[in-house]
Amino acid sequence: MADPKGFLNHGRQIAETRPVDERVKDWNEVYVPGSLLPIISKQASRCMDCGIPFCHNGCPLGNLIPEWNDYAYREDWSAASERLHATNNFPEFTGRLCPAPCESACVLGINQSPVTIKNVEVSIIDKAWDVGDVRPQVPERLSGKTVAVIGSGPAGLAAAQQLTRAGHTVAVYERADRIGGLLRYGIPEFKMEKRHINRRIEQMRAEGTRFRTGMEIGRDLKATDLRKRYDAVVIAAGSTTARDLPVPGRELKGIHQAMEYLPLANKVQEGDYVTAPISAKGKHVVVIGGGDTGADCVGTAHRQGAASVTQLEIMPRPNDERDTVSQPWPTFPILYKVTSAHEEGGERIYSASTSHFEGDEDGQVQWLHLAEAEFVDGRLTQKPGTERRIPAQLVTLAMGFTGTDRDNGMVEQFGLELDERGNIARDADFQTNVPGVFVAGDAGRGQSLIVWAIAEGRSAAKGVDRFLTGASDLPAPIRPTDRALV
């Protein structure tokens, strides 16, 4: 363990962010570079000798959190990195993007502020890259078996890396022009600079993983033909069918799904555009959806120079602190969050239900009409007498996703069965009803967190390895039926 009195001697201290007026002028990560390392040893020392580390239960990857906290406290960065990578292929992704259910399950969090697990994690991996502790792990011998991975998000990349290291020849197919899935085009640069993805891709290339971009299975290559080329297939195509808002005026220009809007801003940072084809510059922006994707739209609109930004959430405002009755420790509570994007300005309206959009004579959206949402007999309805309108010249819909893409023909061409929620069904080994075809990540689980995606990729890799060789030593941190502790 770390310092036995660490949690008594030191309070919680998190990463320092750059001033708002500075960071909204660029797309760099919001945190002050290098601000964590001077404080992280003391923060890691707050990890207490809790007997049963419930943080293990909060994290589906089974991260060895007390162990690498101890190494970070002692500033043994190489040992910390080894422990970190034992359960997580991409800790620099989770350390920046995960909402940290491990911290919600931290035993210290029962009556104090929990350990800054996420900050310790990202400090360890950033230090590991700096000193050269992250190196390619080339397999000693090849199995002669081939695997295709469809999708290059966190689930697909984790599965591909595990299978490559097991000795199989792996090719990753990505329909976008660059590898990374939503990590590349769904996460804004200010939350995670894409250099972190790029150097992982180079590591994987050095290990032997092959990448095929601009190739959509079902359209550019039939699923049946792919199946003939490879001994096994892993579908990690995500849950990319966006939930829509079927209200009058939805057809007006200026109303876009979040995943139509956010990737274009990222493509500007990649050098593909000078300015984004869909931009918030000078416009009154309304973001419908109160989750992380909505916050990403808010931060993006700020950097594009929006005249105003308003975020709508249909549910009531969450509590500031955990309700110990309805959301007891160590469950992951739904709390009021102020992200870096919210710190930068804008208005947040809760219990808001959109009734319709209003446009001008050119068919461009100009106003959004809303009313207060309330529950009546268990159903969410609009409260009479609360109707009003707000200016809206750009509207982004960030209301979540309903399943994997069905329009490209992949599901039908493989002949895959779906579960009752519209996700691709799989057995205990993550194998679908089609022998040799496996599914990992949101395509099988539904919309979830990055830690669950990586855990799914690692677990599905074990199923594939067992299918190809008859046995497997690869780890499988979760089962397909496992769910977050709520």
Side-chain angles (χ1 to χ4, degrees), residues 60 146-160 162-163 170-176 181-183 186 212 215-244 259 400-468 474 476-484:
T146 57
V147 183
V149 176
I150 303 173
S152 66
L157 292 179
Q162 292 294 95
L163 291 166
V170 181
V172 178
Y173 288 81
E174 168 57 52
R175 63 181 176 182
L182 290 187
L183 292 171
R212 307 281 188 266
M215 184 71 72
E216 184 170 12
I217 306 304
R219 285 198 174 100
D220 301 313
L221 177 63
K222 287 188 177 180
T224 48
D225 293 337
L226 184 78
R227 183 69 186 91
K228 293 174 183 177
R229 293 185 186 183
Y230 294 89
D231 297 309
V233 174
V234 179
I235 299 172
S239 177
T240 56
T241 301
R243 183 175 284 108
D244 212 331
M259 288 307 150
F401 303 89
T402 60
T404 196
D405 192 344
R406 298 288 302 276
D407 294 335
N408 59 17
M410 180 190 70
V411 170
E412 288 72 21
Q413 290 171 21
F414 271 126
L416 301 172
E417 294 178 358
L418 305 179
D419 63 19
E420 65 277 3
R421 298 176 65 88
N423 303 314
I424 300 173
R426 64 265 184 94
D427 64 15
D429 268 346
F430 292 81
Q431 188 168 205
T432 69
N433 60 295
V434 181
V437 178
F438 297 74
V439 63
D442 292 359
R445 175 171 294 272
Q447 183 182 354
S448 191
L449 304 178
I450 184 172
V451 278
W452 284 94
I454 296 174
E456 287 244 344
R458 290 171 66 88
S459 298
K462 182 180 182 72
V464 174
D465 191 35
R466 183 185 292 129
F467 170 80
L468 294 175
L474 293 177
I478 61 170
R479 297 165 297 184
T481 53
D482 287 343
R483 292 295 182 268

Student: For Ala232 and Val464, work out which heavy atoms get closest and say how close.
Tutor: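 For Ala232 and Val464, the tightest heavy-atom pair comes out as CB-CG1, 3.9 Å.
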Student: To the closest 0.5 Å, what do you measure between CG (Leu418) and OG1 (Thr432)?
Tutor: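 OG1 of Thr432 is found 10.5 Å from CG of Leu418.
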Student: Within a reach of under 6.0 Å around CZ of Arg421, are more than 12 heavy atoms found that belong to other residues, nucleotides or ligands?
Tutor: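 No.
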Student: Give me the atom names and distance for the closest heavy-atom approach of Ser239 to Gly403.
Tutor: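 Looks like OG-N, 3.1 Å.
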Student: Residues two or more places apart in sequence or in another chain: which of them pass side chain to side chain donor-acceptor pair (under 3.5 Å) with Arg229?
Tutor: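 Testing Arg229 for side chain to side chain donor-acceptor pair (under 3.5 Å), a comparison that skips the adjacent residues, returns none.
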Student: Quick one: does Met215's side chain get under 4.5 Å of Leu221's, heavy atoms only?
Tutor: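 Heavy-atom side-chain distance check passes, below 4.5 Å.
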Student: Any idea which heavy atoms bring Val172 and Ser152 closest together, and the distance?
Tutor: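 Nearest heavy atoms, Val172 then Ser152: CG1-CB, 3.8 Å.
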Student: Restricting to ring pair (Phe, Tyr, Trp, His ring centres under 6.0 Å), what partner residues turn up for Phe467, sequence neighbours left out?
Tutor: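 For Phe467 the ring pair (Phe, Tyr, Trp, His ring centres under 6.0 Å) partners, ignoring immediate neighbours, are Phe438.
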Student: Within the structure provided, determine whether Trp452 and Asp482 are in side-chain contact (heavy-atom separation under 4.5 Å).
Tutor: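 Result yes, sub-4.5 Å side-chain heavy-atom pair found.
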Student: Does the pair Phe414 and Val233 meet the rule for a side-chain contact (heavy atoms from CB on, under 4.5 Å), with working shown?
Tutor: CA-CA 10 Å; Phe414 271 126; Val233 174; 4.0 Å; yes
Student: Just so I know, are the side chains of Asp405 and Met410 near enough to count as touching, which here means a heavy-atom distance under 4.5 Å?
Tutor: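 A side-chain contact under 4.5 Å is absent here.
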Student: Could you report the tightest heavy-atom contact between Ala237 and Thr404, atom names first, then the distance?
Tutor: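 Answer, listing the atom of Ala237 first, then Thr404: CB-OG1, 4.0 Å.
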Student: Just one of Arg479, Arg426, Lys462 clears the salt bridge (charged side-chain N to carboxylate O under 4.0 Å, His left out) bar with Glu456, so which one?
Tutor: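 Between Glu456 and the candidates, salt bridge (charged side-chain N to carboxylate O under 4.0 Å, His left out) is satisfied uniquely by Arg426.
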Student: Would you mind reporting whether Asp407 and Thr241 have side-chain heavy atoms less than 4.5 Å apart?
Tutor: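 Of all side-chain heavy-atom pairs linking Asp407 with Thr241, none is under 4.5 Å.
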Student: So do the side chains of Arg445 and Arg483 get within less than 4.5 Å of each other, counting heavy atoms only?
Tutor: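 Side-chain contact under 4.5 Å: yes.
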Student: Working note: Leu226 + Ile150, criterion side-chain contact (heavy atoms from CB on, under 4.5 Å); need CA distance, chi angles, decisive distance, verdict.
Tutor: CA-CA 10 Å; Leu226 184 78; Ile150 303 173; 3.7 Å; yes
Student: Would you check if there is a donor-acceptor pair between the side chains of Asp231 and Thr146 at a distance under 3.5 Å?
Tutor: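 There is such a pair between these side chains.
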Student: Is there side-chain contact between Asn408 and Ile217, with at least one heavy-atom pair below 4.5 Å?
Tutor: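 With C-beta onward as the side chain, the pair stays apart.
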Student: Going by side-chain contact (heavy atoms from CB on, under 4.5 Å), Thr240 matches just one of Arg175, Gln447, Met259. Which one?
Tutor: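 When Arg175, Gln447, Met259 are each tested with Thr240, the side-chain contact (heavy atoms from CB on, under 4.5 Å) holds only for Arg175.
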